[in-house]
Structures are given as structure tokens and as C-alpha cells.
Amino acid sequence: MLEGIFTGFSTAFTMANVGWVLFGCLAGTLIGMLPGLGPITAIALMIPISYSLDPAGGLIMMAGVYYGAVFGGSTSAILINAPGVASTVATSFDGYPMARAGHGGRALAIAAYASFAGGTLGAVALMLFAGYLAALALAFQSPEYTLLLLLALSSVVVFAAPAARLGSLITLLLGLMLGTIGTDQLAGIPRFTFGRLDLADGLNFVLVVMATFALAEAFRMVLQDDPPAMPDVSSGQLRLSVEQTRRLAPVVGRSAAIGFLTGVLPGAGATLASFFAYDVEKRVGDGSREAGVAAPEAANNAASTGSFVPLLTLGIPGSGTTAVLLGVMLSYGLQPGPRLLSEQPEIFWGVIASMYLGNLFLLALNLPLIPVLARLLRVRSTLLIPLIIGFSLVGVYLTTLNGFDLYLMLGLALLALALRWFAFPLAPLLLGFILSGLLEENARRTLFIAESGIDVLLSRPAFLVLAVLLALVWLLPLWQRFSAGRK
Amino acid sequence: MGYRLLLIALLLVGALYTLAARRIPMDPWTAAELINAQTLPTLYGGLLILALLVALFRPAATAIQQSARAPAPGGRYLRLAGIGLLVAAFILVLGWLTLWPALGLLLFATAWWLGERRWLPMLALAITVPLAGYLGIELGLGVYLPD
């Protein structure tokens, strides 16, 4: 493992890659800070740039964009009560009242330090456990992967809020359906192509990501009112006293642990982690507003790092953002999963090592820049919307060089807008779209194996463990309903 | 668009998709497989129809979706339609004008349509972004673009 860590740092610490992490963090912060634009949109907008880099550099830059966008999202949540993504909603509960009371700078500083600590603790945990999990995953074959994929897809629905489960299921199924467009990989049969060659290879994933997140978000901004005015942030507020740091350290430690463990679970992700940590802090902590900002921020950053565990070690994305990163990796010809560690350790460990760099840059550069960056929130929507539309169209055109894809993108963006307008979550759609092909391929292989007898599957311990886990996940809503009925 | 109208539109999409899935042409060997080219699409389509029917007839199951948004003011739908037309026009002229000039026009026209009337920011947006794209992406990163 030590050799791997050394390889990772030597990959991440080249001048070029340090520059790309820095660029990614800044770009991610800028985009994530804009209301409504979260990590998925930020990553989607940067995909065309990443294609011009080598795989290690591209993924390291994307990881920087991810952390930057998570960090940037908390700024709009605190300053204008406009959390761009669900994972920063909990931050706004106490962060926005602090900003309204004139303590916006302090809230931002707490968010930045908690993010740094949460992200760094998460990176340490990832470094310690990723290698072991990858070694274990080498024994996984199609039957286990089928169950893992079903587990990831089911978790997205089951771990959603009870009132949002049906909405998540609907968008997940839409994503799975979009993933079936194109030539069937095993039989070579065209499906849903309507005789068009443009559809023979299926929908391009950049197209789907840009349409459902970037372009649909720009359209939503056209329909919605402008964000409220933003309070001023002076740089003098961006420091914490020793006493404050001492008081918040255990909060950050607890929340980072909660965040990392929640982030590892497929489908759970940063949103669940941030609410969970906030709730725990309100129950066991001192209940202060500072702790209310620190807890969700440490948790969502640790969860973002934790979500890399299933992606890098098993090749299974646990969230919409890591699903996009999986798409980027597949575009590079990389196969994330246990073999990535043995065949391309410089990429596996390089991405992990870049997390330290990313967190450091976020703290060292972004915090002092917050008063400047926060002015971005004042950019008029009349200029911001054309920029988002232009970037997303150019991003898809540079990837596919096909005008027909842009029409598809427009149609898909309008569908996504309608779904988004009624609060249907779109991350399950993305996850379903990206995992659709993998699920079908592995399910067919599994049934091929099972033709020689079901006992072949039942004799595999990992298969049995995953089957039990899957059954538990499916039973969870029933158990919740039963226990609620008893109360 | 009303919430129920969206569900009905999705239901129609689900039904058409399922119908198309049942008509995917297959050779006898593929058809004999337990999971063939039709199986999962048919399953997805069927499940979607089922989920949408539940959403339609059990309103409590999608309480979040139903209470999500009040309709936007009428004028804003017109603005959105205009943006859609501008994007379609951009795609149409892309082949003649090439990417960067078409992008400049799109940025300018979209900003104007959204109500921006300050010439300096509009021109800055329409000139600097395509220029930066041309210099950075086409020349700097060497990304190939068709003429």
C-alpha cells in the first residue's frame, strides 16, 4: 500500500497535475457557487476540457472540480439561502441565519475549515481502506456485479425521503430506458434507433448529463425569479479563534466519520450524510449555529470522498456525480474496479492523492478569495443564462460533432425541466442511464452461469452476502412503514 | 405544464416505449435466451407504467412533486419558448457559420431576449467567450472542429 501511496503522490504532484487540481478547484468553486449549479453540472461543463488531457490529469482535474463545487455550493447556501444542491440544504439551516445576523464571513470560514477537515479525514480513510476493498473485489464476477448494480440502483430509491421514493423510481426507470437506446451489446440488434445511424451507438453520456443538468438548469432559471440580494462579506470575519476551533473539532470529527461511512453506501451520498450529521449534532452537541454549519459541511465533504470507494474499488458509482465520473473514466478507456488498482495504480492512487491537494487548495486559496468570488452571485441572470446555455451546447458539440445530438439535447433538457419543475430528482436518471448497459450485460452473463444450476450461484459466498443485503434494502421501506404504524 | 399532464405524457412515453420494445426484431437464437434484447426494456417500460399509475391514482405517494412549484408567470413561458427557438436556430446555422461565430450570435441574441440592454456586457460576452473558446480549445488544446 505504501508503494501505491507513493505512486499516487508522485502522479498528483507533477507540475501539470498540481496546476489541473488548482484549476479544477477554482472552476468547481466558481460554478458550484452559482445558485442551482451543483457538482454534477460543474463536472459536466468541464468534460470537454478533460478529454484533451491524459487520463490521470483529466481525472485529477475532475476530482478538483468535484470538491470545489461541493465547497462552492455551501457559499450560496449560506449567503443567499439558495443551496445549489441537496447536500448543502442542511448547511443553510443555520448558515443563512448567521449571514442575516451579520456573521456570514464566520459561517463561511466554519464551512471552509469543516469542509477541509472532513475532506481530508475522508481521504485518509479512503487511502487506508480502498486497497483492501479492491483486493476483495477481485473475486467478484458477473453474479456479484449484477447484485451490486441492483443494490446501487435500489439504494437510490430506498434511501430517498419516503415522499420522494416514487419520484426517484420514475426517474431511475427513465434513465434505464434511455440507456437501452442503441445497438444491443451482446446480440448486435438495434433498439429504439428508428433507423437512424446517429442513435446506433446510443445516447452520448455527455449529452445526457449536459441536457439534464446544465441546460435544464438554465431553462429553470428562465422560468424562475432571480435570487435575492446578497449580504456583504468582509475578509476580517474569515478567521476562527482558538476557542471556537477547540469547540468545533469534535463536531467535525464525528460528522466526518458519519459522512464517510454514509458516502461509501451506494445511493446514500452526501445529502443523507449532511442531514444525518446535522441531526446528530442537534441531538448530542451543544446545538449552536456554528456546530449546525460545521456538521453538515464536514459530513458532505467526507461523504464525497467516501463515494469514491465503490467507484474506484468496485466500478460502481454510488451517486449521480460519481456516475458522471464513471462515464468520464469509461470514455478514457479505463475500467474502474479492482483491476484499476493492479493495472493502472498511478491513476487509482493519483486520484486519491489529489484529494489532499484539492482540500489544501480549497482552504489556502478559496477562503481568502471568498469576498471576491461571492460577487459572482451578483452576476445578472441575463448574462449567466446565455453563458450556461452556450457552454453546454459547445460541450456536447465538441464531444460528438453532430448537430442531431444538439436537437436531442434540447428535447431531453425540456423533459428534464418538466421533471425538475415538479421536484423529481434527476440524479437517479443519470445513474440509471449510465448503469443500464452494465446491468443488462452482467444480468445476461449471470443467467448464462445459472443455466447449469442455481447451486452454482448459491455456492458463492459474496453472492449470498450481497443477496441478503439487497433483500434488506428492499425490505427497509416495509419495515419503516410497519414501525411508523406501530407508533 | 400541470403535474397530472406530465404524468400522462410520461405514461404515453412508457406505453410507446414498451410497445416498441416488444417489436425489437430478434433471430430465433436470441429470442430463446432467458434475457434477450426485449426483456429488460419491456420490464423497464412495464414498471414505469405501473409507477406512473400509482402516482396518478395515489396522490399521497408523490406529495413532494405535487406541492413543488406554482406555475411560472405566463410571460416566462414565452421567454423560454424564445430561448428554445434561439437554440434551434443556433443548431441550424452551425453548419454554415461554424461553431465560434454561431456561438457569439447565440450569446448576444439570448442575452438580448432575456432583457439585457447594456451593449458593453452583451458585446463582451459575445466576443470574448467565442474568442477564448477558439484560442483555448481549438488552437491551445488542438481540438478538431469541422469547417
Side-chain angles (χ1 to χ4, degrees), chain A residues 48-49 51-53 161 163-167 169-170 173-174 176-177 180 184 186-187 189-192 194 215 218-219 222-224 380-383 385-387 389-391 393-394 397-398 401 403 406-407 410 413-414 417-419 421-424 432 436 439-440 443-444 447-448 450-451, chain B residues 1 3 6 9-10 17 20-21 24-27 30 33-37 40-41 44-45 47-48 51-52 54-55 61-66 68-69 72 76-77 79-80 83-84 87-88 90-91 94-95 99 103 106-107 110-111 114-116 121-122 125 129 133 137 141-146:
Chain A
I49 295 177
Y51 282 166
S52 59
L53 306 178
R165 275 183 192 143
L166 191 60
L169 177 66
I170 290 170
L173 287 165
L174 285 171
L176 287 166
M177 286 159 62
T180 60
D184 175 31
L186 291 185
I189 298 167
R191 299 189 295 191
F192 312 107
F194 309 104
L215 197 55
F219 288 170
V222 174
L223 289 184
Q224 264 194 333
R380 288 190 187 185
S381 59
T382 49
L383 297 176
I385 293 170
L387 263 178
I389 293 174
F391 278 139
L393 288 168
V394 168
Y397 187 69
L398 287 175
L401 299 177
L406 296 182
Y407 285 117
L410 183 59
L414 290 171
L417 172 69
L419 291 169
W421 194 253
F422 289 106
F424 281 92
S436 182
L439 177 66
E440 192 163 15
R444 282 184 182 178
L447 283 177
F448 188 70
E451 274 179 6
Chain B
M1 189 195 286
Y3 171 68
L6 173 66
L10 288 176
Y17 174 89
I24 293 170
M26 285 189 298
D27 55 59
T30 314
E33 286 171 4
L34 200 54
I35 292 191
N36 56 41
L40 288 185
Y44 298 152
L47 281 175
L48 181 72
L52 288 165
V54 172
T62 52
I64 288 183
Q65 276 75 36
Q66 288 181 76
R69 293 269 196 279
R76 289 189 178 253
Y77 289 113
R79 275 168 69 176
L80 181 65
I83 297 283
V87 171
F90 164 78
I91 305 168
L94 196 57
L99 179 63
L103 176 66
L106 174 75
L107 292 174
T110 315
L114 289 172
E116 182 63 64
M122 281 164 76
L125 183 75
V129 174
I137 296 174
L141 298 173
V143 174
Y144 164 78
L145 284 177

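The figures here come from the full heavy-atom set of this structure, side chains too, leaving out hydrogens, waters and symmetry mates. By convention in this document, chain letters (A, B, ...) are assigned in the order of the sequence lines, proteins followed by strands, and residues within each chain are numbered from 1.
Taking every heavy atom of both residues into account, F219(A) and A413(A) meet most closely at CE1-CB, 3.9 Å. Nearest heavy-atom pair across A51(B) and L166(A) is O-CD2, 3.8 Å. The two residues A37(B) and R191(A) have their closest heavy-atom pair at O-NH1, 2.7 Å. Residue P386(A) comes nearest to L114(B) through the heavy atom pair CD-CD1, 3.8 Å, listed as atom of the first residue, atom of the second, then distance. Between A88(B) and Y407(A), the shortest heavy-atom contact is O-OH, 4.0 Å.
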Checklist entry - When you look at L419(A) and L174(A), which way does the side chain to side chain contact (heavy atoms under 4.5 Å, CB included) test go after all the steps? => result CA-CA 11 Å; L419(A) 291 169; L174(A) 285 171; 4.0 Å; yes
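Comparing L406(A), L176(A), T180(A) by how many heavy-atom pairs each has under 4.5 Å with chain B, the most go to L176(A). Each of D184(A), I385(A), L173(A) has some count of heavy-atom pairs under 4.5 Å with chain B, and the biggest count is that of L173(A). Between chain A and the residues R79(B), E116(B), M122(B), the largest count of heavy-atom pairs under 4.5 Å involves E116(B). Heavy-atom pairs under 4.5 Å with chain B were tallied for L387(A), L215(A), L414(A); the largest tally goes to L387(A). Chain A forms more heavy-atom pairs under 4.5 Å with one residue of T110(B), L47(B), L48(B) than with any other, namely L48(B). Counting heavy-atom pairs under 4.5 Å between each of L52(B), D27(B), L125(B), L106(B) and chain A puts L125(B) at the top.
Interface residue L393(A): only side-chain heavy atoms are found under 4.5 Å from chain B. Both the backbone and the side chain of L107(B) come within contact range of chain A, each with at least one heavy atom under 4.5 Å from a heavy atom of that chain. For L103(B), the part lying near chain A is the side chain, with the backbone staying farther off; criterion is any non-hydrogen pair under 4.5 Å. The contact between L94(B) and chain A is made entirely by side chain atoms (from C-beta outward), counting heavy-atom distances below 4.5 Å. For a residue to count as touching a neighbouring chain, one of its non-hydrogen atoms must lie under 4.5 Å from one of that chain's; by this rule F192(A) touches chain B with the side chain only. Contact of L447(A) with chain B is made through the side chain alone, with heavy-atom distances under 4.5 Å. When heavy atoms are compared at a cutoff of 4.5 Å, L383(A) approaches chain B by way of both its backbone and its side chain.
One finds the CZ atom of F448(A) at 13.0 Å from the CD1 atom of I35(B) (value rounded to the nearest 0.5 Å). Between R165(A) atom CZ and I170(A) atom CD1 the span is 14.5 Å, to the nearest 0.5 Å.
When side chains are defined from C-beta on, L99(B) counts as touching F90(B), because their heavy atoms get closer than 4.5 Å.
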